[in-house]
Amino acid sequence: MKKKFIIIGVFSLLILNSCKKEENKEEARMPKQYAVEDFYDTKAIGAAGFNKDETKILINNNVTGIANLYELNIADTSSVALTKSKTESNYAVDYLPGNSKFIYSSDKGGNENTHLYLMNRTDASVKDITPWPNSANSFVGWSLDKKNMYVSSNKRDVKYFDIIKLDTLSWKPVILYKNEIGLTPSVISKTERYIALTKEITTDKNELHIYDSKTKTTKKISSDKEASWIPMAFEKNDSIFYYSTNDNSQFSYLVKYNLNTGKSEKIFEDKWDVNYMSLSENEKYHIVFINDDGKNKVILFDHKSGKKIDFPDLKDGDVQNVIISNSENKLLLTVGSSTSSPNLYVYDIPTKTLKQLTSTLSKKIDQNDLVKAEVVRFKSFDGKEIPAIYYKPLQASENSKVPALIWVHGGPGGQSRIGYSNSIQYLVNHGYAVLAVNNRGSNGYGKTFYKLDNKDHSNGDLKDCIWGKKWLTQQNYIDSTSIGIYGGSYGGCMVLGALAFHPEEFKVGVNLFGVANWLRTLKSIPPYWESFRAALYDELGDPYTSDSIRLKKISPLFNYQKINKPLLVFQGANDVRVLPVESDEIVAGVKKNGVPVEYVVYPDEGHGFQKKENQITTSKKTLAFLDKYLKQKK
């Protein structure tokens with residue numbers, strides 16, 4: 001993924017079904033309106049992988065209100081609870097190779113100090129295999145013989161991530177790659193000889209290096225041009241490496257690099273970004289993901305011949321993840337859409353049979369009452385075409401006009417994409433149109449579009465949101481006097497900016513953990529983002545230089561006196577990306593204006609809300625706020 005995200009908004013990856021219609025031709029009708037609890041009765045599921053004999057799957061599921069681990073039986077789709085946490089979310093990582101023990105990850109209240117845990121099913125004992133205080137740890141992969149696990153960890157130096165090797169018997173840590181110069185390690189070859197490293201230059205440009213542990217040398221394989229380089233995979237033979245790049249192109253393509261000769265060859269490209277590529281266990285297949293106008297396009301290849309292999313037809317489904325079993329006979333698919341929460345499917349490659357394993361959408365909800373999203377485009381202030389994802393309420397008509405929201409994703413550099421959203425569908429079901437604007441600077445629309453907001457934040461990108469509002473007013477079923485703006489993380493900053501710098505454009509604002517003071521946020525970025533600091537400062541501005549003048553000017557906190565519209569703010573008390581003081585101070589300032597302000601702080605959340613109870617509260621309070629201050633009283 002591109003490294004433009006200073007603040008990963010919780011809504012960056014939500015949203016959306018690609019459809020080329022300019023407008024929804026369905027006749028208006030009143031859908032059944034559902035309570036917020038009905039929407040959040042829907043389950044959020046994630047899959048980690050197959051067990052040894054490929055009869056079961058390790059998953060996480062929030063059916064209890066918080067993410068816990070379960071084992072799903074493929075034959076009868078039944079599941080058994082493996083963890084029973086009531087306080088912290090647990091996420092599945094993988095089975096320990098060869099047995100029923102498993103690995104999962106968890107932090108404390110959203111503080112992002114994630115640890116990896118080993119659970120023994122026999123006695124339900126749990127071992128923290130990364131027991132290092134104040135460290136963030138993530139799973140990287142298994143060694144070729146499956147006797148060692150690789151972990152990315154900042155335990156040695158909080159600013160930089162090393163690659164640590166843990167043997168699966170003693171779990172004794174050994175540093176495989178010591179990161180002392182701020183490079184970011186990622187993909188490891190199966191023999192451990194090679195490690196792919198990246199170096200962030202700007203948010204639009206990085207370098208790709210290969211570290212050779214045999215010779216203790218590092219070789220740069222990227223050009224010096226303005227381009228991004230993303231490591232993908234090593235072949236087992238230690239001679240071939242795959243990466244994607246947008247060098248000399250608007251969009252990223254896939255490259256095959258010969259480690260012995262240093263020669264590179266473009267092997268696949270599309271009219272959109274190639275986002276991901278992986279190899280199956282014995283390299284029979286490789287799979288490619290393309291970011292196709294906000295929706296994934298997935299292609300399965302025979303790796304040796306390069307020929308495409310039949311992939312299951314999932315109609316309007318968006319394939320969000322694919323895991324190829326070690327036998328290379330099965331695919332575990334995560335598939336969702338704008339009207340369906342993600343579900344798990346297993347596809348048998350030899351027999352070409354597809355089986356649905358889960359049904360996550362609440363049984364209380366008729367999917368026909370939900371709204372399919374459309375891809376729309378509108379012209380902005382300078383004639384630039386801006387893509388957006390649009391949800392038109394089923395009840396909207398010229399004779400029954402509805403209020404609307406501009407929805408702003410996180411970032412900067414995020415993208416509103418396909419994916420089911422309880423919060424969006426709940427608002428749309430209750431009569432609010434939602435336009436999710438992929439403003440300039442968003443990922444997925446080419447290199448030039450991606451860097452249009454550099455050192456221009458809260459200007460061009462914010463104007464795109466305002467011109468999105470103008471597009472809404474042109475729809476004859478929208479109440480043009482009742483349009484608000486909603487956003488999380490960087491999107492929350494855009495909400496505050498819209499109310500402060502364009503106070504007459506939007507009737508209300510809903511801000512989820514948005515930046516209010518850029519000077520403070522850029523000075524207090526988490527220490528483990530040290531390798532990205534220079535790139536972030538290059539794009540946003542260096543708060544320790546004369547850039548501070550512009551950063552102060554675009555910070556909503558220093559312009560709160562201009563905010564004259566009702567504001568709703570949500571914040572996690574343990575947020576390390578947007579500190580709680582950001583929300584505390586903007587709320588206090590706006591209250592001085594005599595403007596209605598509502599403020600909700602969750603003591604057990606960080607950057608993004610993981611607990612279902614808090615998600616329900618957020619949606620319920622949002623609708624009540626909008627009904628009170630945005631919707632026209634009849």
Non-hydrogen atoms of [X] and [Y] that approach each other most closely:
{"X": "P185", "Y": "I195", "result": "CB-CG2, 4.1 Å"}
{"X": "L568", "Y": "K621", "result": "CD2-O, 3.9 Å"}
{"X": "S531", "Y": "G182", "result": "CB-O, 3.2 Å"}
{"X": "P342", "Y": "Y420", "result": "CD-CB, 4.3 Å"}
{"X": "S341", "Y": "L361", "result": "OG-N, 3.2 Å"}
{"X": "F50", "Y": "Y95", "result": "O-CD1, 3.3 Å"}

With under 30° as parallel and over 60° as perpendicular, where do the rings of [X] and [Y] fit, or are they tilted in between?
{"X": "F234", "Y": "Y194", "answer": "parallel"}
{"X": "W229", "Y": "Y243", "answer": "tilted"}
{"X": "Y242", "Y": "H303", "answer": "perpendicular"}

Main chain of [Y], side chain of [X]: is a donor-acceptor contact present, judged purely on distance under 3.5 Å?
{"X": "S79", "Y": "L72", "value": "no"}
{"X": "E200", "Y": "E207", "value": "no"}
{"X": "S186", "Y": "L197", "value": "no"}
{"X": "E328", "Y": "K284", "value": "yes"}
{"X": "Q571", "Y": "V601", "value": "no"}
{"X": "E112", "Y": "D107", "value": "no"}
{"X": "D575", "Y": "V578", "value": "yes"}
{"X": "E235", "Y": "N237", "value": "no"}
{"X": "E88", "Y": "G109", "value": "yes"}
{"X": "N443", "Y": "G414", "value": "no"}

Exercise for review: Apply side-chain contact (heavy atoms from CB on, under 4.5 Å) to L357 and V346, showing your working.
Suggested key: CA-CA 7 Å; L357 302 177; V346 64; 4.0 Å; yes

Answer whether the closest heavy-atom distance between the side chains of [X] and [Y] falls below 4.5 Å.
{"X": "N275", "Y": "S252", "result": "no"}
{"X": "L58", "Y": "L82", "result": "yes"}
{"X": "M232", "Y": "S278", "result": "no"}
{"X": "K127", "Y": "Y117", "result": "no"}
{"X": "L208", "Y": "K199", "result": "no"}
{"X": "P231", "Y": "T198", "result": "yes"}
{"X": "Y104", "Y": "N60", "result": "no"}
{"X": "V63", "Y": "Y70", "result": "yes"}

Hey, are [Y] and [X] close enough side-chain-wise for a donor-acceptor pair under 3.5 Å?
{"X": "N614", "Y": "E605", "result": "yes"}
{"X": "T83", "Y": "N68", "result": "yes"}
{"X": "T622", "Y": "Y426", "result": "no"}
{"X": "S153", "Y": "N137", "result": "yes"}
{"X": "W132", "Y": "N154", "result": "no"}
{"X": "N511", "Y": "Y486", "result": "no"}
{"X": "T360", "Y": "N343", "result": "yes"}
{"X": "Y91", "Y": "Q610", "result": "yes"}
{"X": "E192", "Y": "Y150", "result": "yes"}

How many angstroms lie between [atom1] in [X] and [atom2] in [Y], if you round to the nearest 0.5 Å?
{"X": "F161", "Y": "S138", "atom1": "CZ", "atom2": "OG", "answer": "6.5 Å"}
{"X": "K101", "Y": "L96", "atom1": "NZ", "atom2": "CG", "answer": "6.5 Å"}
{"X": "K295", "Y": "Q320", "atom1": "NZ", "atom2": "CD", "answer": "11.0 Å"}
{"X": "L69", "Y": "S105", "atom1": "CG", "atom2": "OG", "answer": "8.5 Å"}
{"X": "K43", "Y": "S362", "atom1": "NZ", "atom2": "OG", "answer": "7.5 Å"}
{"X": "K363", "Y": "D41", "atom1": "NZ", "atom2": "CG", "answer": "8.5 Å"}

For [X], I'd like to know if atom [atom1] has over 12 heavy atoms of other residues, nucleotides or ligands within 6.0 Å.
{"X": "E613", "atom1": "CD", "result": "no"}
{"X": "K355", "atom1": "NZ", "result": "yes"}
{"X": "K523", "atom1": "NZ", "result": "yes"}
{"X": "K236", "atom1": "NZ", "result": "yes"}

| query | Could you walk me through whether R533 and I525 pass the side-chain contact (heavy atoms from CB on, under 4.5 Å) check? | reply | CA-CA 8 Å; R533 183 186 295 272; I525 64 173; 3.9 Å; yes

TODO: List the steps, then state whether side-chain contact (heavy atoms from CB on, under 4.5 Å) holds for W142 with D94.
DONE: CA-CA 10 Å; W142 302 105; D94 204 355; 3.0 Å; yes

So, [X] and [Y], do they make that salt bridge, N to O below 4.0 Å?
{"X": "D167", "Y": "K147", "answer": "no"}
{"X": "K146", "Y": "E281", "answer": "yes"}
{"X": "R121", "Y": "E71", "answer": "yes"}
{"X": "E585", "Y": "R520", "answer": "yes"}

ask   = Can you check side chain to side chain donor-acceptor pair (under 3.5 Å) on H286 and S280, steps first, answer last?
value = CA-CA 6 Å; H286 72 261; S280 60; over 6 Å; no

Of T114, D128, N90, the one forming a side-chain hydrogen bond (donor to acceptor under 3.5 Å, both in side chains) with S106 is N90

task = Decide if the gap between the ring center of F311 and the ring center of F301 is smaller than 6.0 angstrom.
result = no

Next on the checklist: One pair to check against side chain to side chain donor-acceptor pair (under 3.5 Å): S337 and D318. What are the steps and the verdict?
Outcome noted: CA-CA 6 Å; S337 75; D318 178 66; over 6 Å; no

Which of R156, K155, K178 passes salt bridge (charged side-chain N to carboxylate O under 4.0 Å, His left out) with D162? Answer is R156

* To do: Assess whether side chain to side chain donor-acceptor pair (under 3.5 Å) is satisfied between T618 and Y602, documenting all intermediate values.
  => CA-CA 10 Å; T618 301; Y602 298 116; 2.8 Å; yes

